[in-house]
Amino acid sequence: DILIREESGKVLLAQAGIKSSVVLDPTFLLEKKDWMEFSKKSTVKAPEKYILIYIVAAPTNLLDVAINYADKNRCDIIAWGGQNRDIIHKGRRIKTIVSAGPYDFVKYIANAHKIFTTSFHGMALAINLNVEFYYELCRAKYNNNARLETIAEKLELLDREITDDGIVDAKVDWKKTNRILEQLRVESREKLCRSIESSWQEQE
């Protein structure tokens with residue numbers, strides 16, 4: 001089988017007569033302890049309490065929701081995105097980080113009070129590190145929503161979506177999420193191993 005990350009991709013391949021299996025994104029094959037160890041190599045100093053805004057696709061309600069949450073909960077704001085320049089929203093300037101390396105990237109996520117993102121990997125690392133998060137889907141015709149929707153559905157985290165009604169005021173049940181995630185890890189590793197073994201056999 002071809003290994004892919006989105007259920008929608010599996011449907012499209014099936015329509016073309018190609019068999020495939022859905023596996024986890026590689027970031028999920030590492031566990032929380034692995035990512036925490038990785039983040040220790042960062043030397044950045046983050047604020048004591050902050051939310052992280054990570055924008056890849058253009059946001060709709062995310063900035064309103066995130067800024068409102070930060071103000072109500074007295075959190076600093078750290079942001080990535082905005083096309084490498086500060087984000088200006090309703091007259092308010094939000095400083096954007098443009099030069100964080102991979103160690104810093106993971107540390108900022110690991111230590112955030114909450115994450116608000118349109119990025120699949122922002123969402124994936126938040127889940128890996130058990131950091132409370134909210135995600136927003138892109139409303140453009142061409143988008144990467146399938147990846148976010150697939151993992152949200154598989155881990156039963158669809159309620160973390162930022163909608164026109166805002167966000168749900170509830171915490172993630174990490175015990176449940178981690179249990180589902182570990183089972184998916186086992187299944188994905190097995191599929192990956194079978195795929196690698198099959199490739200070796202074909203080469204022989």
Side-chain angles (χ1 to χ4, degrees), residues 1-42 52 54-57 80-81 100-112 115-138 142-161 171-204:
D1 290 6
I2 293 175
L3 302 181
I4 58 174
R5 291 175 291 182
E6 300 90 21
E7 291 291 344
S8 59
K10 183 176 180 177
V11 173
L12 290 173
L13 288 172
Q15 291 172 351
I18 301 172
K19 190 176 180 181
S20 63
S21 294
V22 178
V23 295
L24 289 175
D25 183 87
T27 52
F28 284 110
L29 299 182
L30 293 178
E31 299 179 17
K32 180 179 179 178
K33 59 182 176 58
D34 302 312
W35 286 114
M36 291 303 295
E37 192 64 29
F38 184 84
S39 72
K40 289 178 182 178
K41 297 180 182 180
S42 171
L52 176 66
Y54 181 22
I55 295 172
V56 174
W80 283 316
Y103 302 134
D104 302 336
F105 179 82
V106 177
K107 184 175 180 178
Y108 277 126
I109 290 177
N111 293 322
I115 295 171
F116 297 80
T117 188
T118 61
S119 159
F120 169 79
H121 285 106
M123 178 177 172
L125 285 169
I127 294 169
N128 267 311
L129 292 160
N130 289 184
V131 178
E132 295 287 328
F133 74 96
Y134 293 100
Y135 70 95
E136 184 175 62
L137 298 176
C138 177
Y142 300 104
N143 56 66
N144 289 316
N145 289 342
R147 300 172 70 190
L148 287 86
E149 291 174 314
T150 293
I151 199 62
E153 183 174 358
K154 284 184 175 294
L155 296 178
E156 300 180 18
L157 292 169
L158 292 169
D159 65 332
R160 310 315 294 176
E161 182 184 354
K171 291 186 176 182
V172 176
D173 181 351
W174 290 116
K175 185 175 180 179
K176 174 184 174 183
T177 300
N178 291 335
R179 184 174 64 251
I180 299 171
L181 179 56
E182 185 53 35
Q183 181 58 42
L184 292 174
R185 279 197 185 106
V186 171
E187 294 171 2
S188 292
R189 286 168 180 157
E190 289 176 349
K191 291 176 182 177
L192 286 166
C193 287
R194 284 199 299 269
S195 179
I196 292 170
E197 289 171 359
S198 176
S199 296
W200 285 345
Q201 291 170 359
E202 290 175 1
Q203 292 174 13
E204 292 174 354

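Interatomic distance, L158 CG to E149 CD, rounded to the nearest 0.5 Å: 8.5 Å. Within the model, atoms CG of L29 and OG1 of T27 stand 7.5 Å from one another, a figure rounded to the nearest 0.5 Å. Put simply, OG on S188 and CD on Q183 are 10.0 Å apart, with the number rounded to the nearest 0.5 Å. The structure places CD1 of I18 at 10.0 Å from CG of L12, a figure rounded to the nearest 0.5 Å. The CD1 atom of I180 sits 8.5 Å away from atom CG of D173, with the distance rounded to the nearest 0.5 Å. Atom CG of residue L157 and atom OH of residue Y134 lie 11.5 Å apart, to the nearest 0.5 angstrom.
When all heavy atoms of T118 and V56 are compared, the pair lying nearest together is OG1-N, 2.7 Å. Considering every non-hydrogen atom in both V106 and S39, the closest pair reads CG1-CB, 3.8 Å. Residues A112 and V131 share a closest heavy-atom pair of O-CG1, 3.5 Å. Among all heavy-atom pairs drawn from M123 and I151, the shortest one is CE-CG2, 3.5 Å.
By the 6.0 Å contact criterion, CD on E187 is enclosed, its count of non-hydrogen atoms from other residues, nucleotides or ligands being greater than 12.
Counting only distance, with no hydrogens or angles, the side chain of K107 and the backbone of K41 share no donor-acceptor pair below 3.5 Å. Checking side-chain atoms of T150 against main-chain N and O of A146 turns up a donor-acceptor pair under 3.5 Å.
Under the side chain to side chain donor-acceptor pair (under 3.5 Å) criterion, E182 pairs with R185, sequence neighbours left out. Not counting sequence neighbours, the partners of K176 by the salt bridge (charged side-chain N to carboxylate O under 4.0 Å, His left out) test are E156. Scanning for side chain to side chain donor-acceptor pair (under 3.5 Å) contacts around N143 gives N145, with sequence neighbours left out. Applying the side chain to side chain contact (heavy atoms under 4.5 Å, CB included) rule to E132 yields the partners K114, R160, K171, V172, W174; only residues at least two apart in sequence or on another chain are considered. Residues that satisfy the side chain to side chain donor-acceptor pair (under 3.5 Å) test with N111, not counting sequence neighbours, are absent from this structure.
L52 has its side chain within reach of W80: a pair of non-hydrogen atoms, C-beta onward, lies under 4.5 Å apart.
Screening N128, N130, L155 for a side-chain contact (heavy atoms from CB on, under 4.5 Å) involving N178 leaves a single residue, N130.
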Verdict with supporting geometry, F105 and Y54, side chain to side chain contact (heavy atoms under 4.5 Å, CB included):
CA-CA 10 Å; F105 179 82; Y54 181 22; 3.7 Å; yes
Mind running side chain to side chain contact (heavy atoms under 4.5 Å, CB included) on E161 and L148 for me, showing each step along the way?
CA-CA 10 Å; E161 182 184 354; L148 287 86; over 6 Å; no
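Sorted by first and then second residue, the ring-ring contact (aromatic ring centres under 6.0 Å, His included) pairs with a member in residues 10-35 read W35-F38; sequence neighbours excluded.
A salt bridge between E37 and K40 is present, with a side-chain N of the basic residue lying under 4.0 Å from a carboxylate O of the acidic one.
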